[in-house]
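See below for the structure under consideration.
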Amino acid sequence: MSEDILAGLQIGTGTALTIVMFHGDEGRGGDPTSNFAFGAEIARRLPEATVHVLLRPGYQDPWGRKSPGENFGRRDQYTLDNAEIIAANLKRLGNAAPIIAVGHSGGAAQLALALSLEEALVDEAILVSCPCDLDLWQSLNATWPENTLSRSVSPTNVDAPNLVRITVLVGEEDIITPPVLSQSYMQTLTDNQVNAELTIVPGGDHSGNRALSRAWLEAIFAARARILE
């Protein structure tokens, strides 16, 4: 596996738990650091944890920090090479304490792919608004060119992750990565006897409105309780 270190922020100094967060694609040029405040809120409420808010492969923040890898203009980037970089960083960060990995949107898809590469990379994973069935996602977007996802590898087409538990969250009103995508991946996990739970959040959107953000925080707190209590 690659030993390339992803850039980002470390928030908090807790030693009992490590939480690693991966942002969405921000495909229209949005700020990939938009979840730093969310990570800071998690660290504030869980002082026993250290939170790592990482820039995904190929992304750069406004302060010049840049992660290794290639995001191909923030398109069609869910590659095995990028998954290997993520997996190597999870392995590195998980040495000191139990680890919860959290991915949103494209970050969830890359995380799911990374978790398939090696057993027990993390203790628990939380996948939010995940386009984890890329073939289905392509079919739902009739205006996309046929080669829109030609480099990417779908988490439904690789070995299912082997870890203690996966939580899958999606907003009921998500029109970017609609619930059927999470339902499809959940079926893959169930078929492979992975301990997983799917929640379709009433009133939740894609980007993280109040309903989705609340469910997201509750999932992290529940994972923390299962691991530490």
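Positions are given from 1, in the same order as the sequence printed here.
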Which residue pairs satisfy the ring pair (Phe, Tyr, Trp, His ring centres under 6.0 Å) criterion with at least one member in residues 53-92, sequence neighbours excluded?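 Non-adjacent pairs meeting ring pair (Phe, Tyr, Trp, His ring centres under 6.0 Å): H23-Y59.
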Any ring pair (Phe, Tyr, Trp, His ring centres under 6.0 Å) involving residues 81-117? Give me the pairs, sequence neighbours left out, ordered by first then second residue.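 Residue pairs passing ring pair (Phe, Tyr, Trp, His ring centres under 6.0 Å), neighbours aside: H104-H206, H104-W216.
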For residues 154-229, which residue pairs pass the disulfide bond (SG atoms under 2.5 Å apart) check, not counting sequence neighbours?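 Output for this query is empty, none listed.
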Within residues 144-229 or reaching into it, pairs that qualify as disulfide bond (SG atoms under 2.5 Å apart) - sequence neighbours excluded: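 The answer is none; no pair qualifies.
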Between [X] and [Y] (side chain of the first, backbone of the second, donor and acceptor by atom type, cut-off under 3.5 Å), is there such a pair?
X: T190; Y: M186; answer: yes
X: R74; Y: E26; answer: yes
X: D174; Y: I176; answer: yes
X: S116; Y: L113; answer: yes
X: N35; Y: V53; answer: no
X: R165; Y: D123; answer: no
X: T148; Y: P145; answer: yes
X: T18; Y: G94; answer: no

same_hphob_cluster([X], [Y]) at 4.5 Å side-chain heavy-atom cutoff:
X: V164; Y: L121; value: no
X: F36; Y: I42; value: yes
X: W144; Y: L140; value: yes
X: I19; Y: I126; value: yes
X: L90; Y: L54; value: yes

Name the one of V153, L115, L117 that satisfies side chain to side chain contact (heavy atoms under 4.5 Å, CB included) with V158?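 Going through V153, L115, L117 one by one, the side chain to side chain contact (heavy atoms under 4.5 Å, CB included) with V158 is satisfied by V153 alone.
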Close side-chain approach of [X] and [Y], heavy atoms under 4.5 Å:
X: L9; Y: D61; answer: no
X: L189; Y: P161; answer: yes
X: L217; Y: F38; answer: yes
X: I11; Y: R44; answer: no

Using a strict 4.0 Å threshold on nitrogen-to-oxygen distance, state whether R224 and E124 make a salt bridge.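 Salt bridge absent between R224 and E124.
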Tell me the closest heavy-atom pair linking [X] and [Y], and the distance in Å.
X: Q77; Y: N71; result: OE1-CB, 3.3 Å
X: N82; Y: G69; result: OD1-CA, 3.9 Å
X: R65; Y: L55; result: O-CD1, 3.5 Å
X: P32; Y: Q60; result: CG-O, 3.6 Å
X: T156; Y: C132; result: CG2-O, 3.3 Å
X: G171; Y: L212; result: N-CD1, 4.0 Å

Got a sec, which residues hit side chain to side chain donor-acceptor pair (under 3.5 Å) with R92, two or more places apart in sequence or on another chain?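 For R92 the side chain to side chain donor-acceptor pair (under 3.5 Å) partners, ignoring immediate neighbours, are N89.
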What pairs with S152 under side chain to side chain donor-acceptor pair (under 3.5 Å), at least two apart in sequence or on another chain?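 D76.
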Within 6.0 angstrom of D159 CG, more than 12 heavy atoms from elsewhere: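 Counting neighbours around CG of D159, 12 or fewer heavy atoms of other residues, nucleotides or ligands fall under 6.0 Å, so no.
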T199 vs T167, test: side chain to side chain contact (heavy atoms under 4.5 Å, CB included). Steps then yes/no. CA-CA 8 Å; T199 299; T167 300; 5.5 Å; no
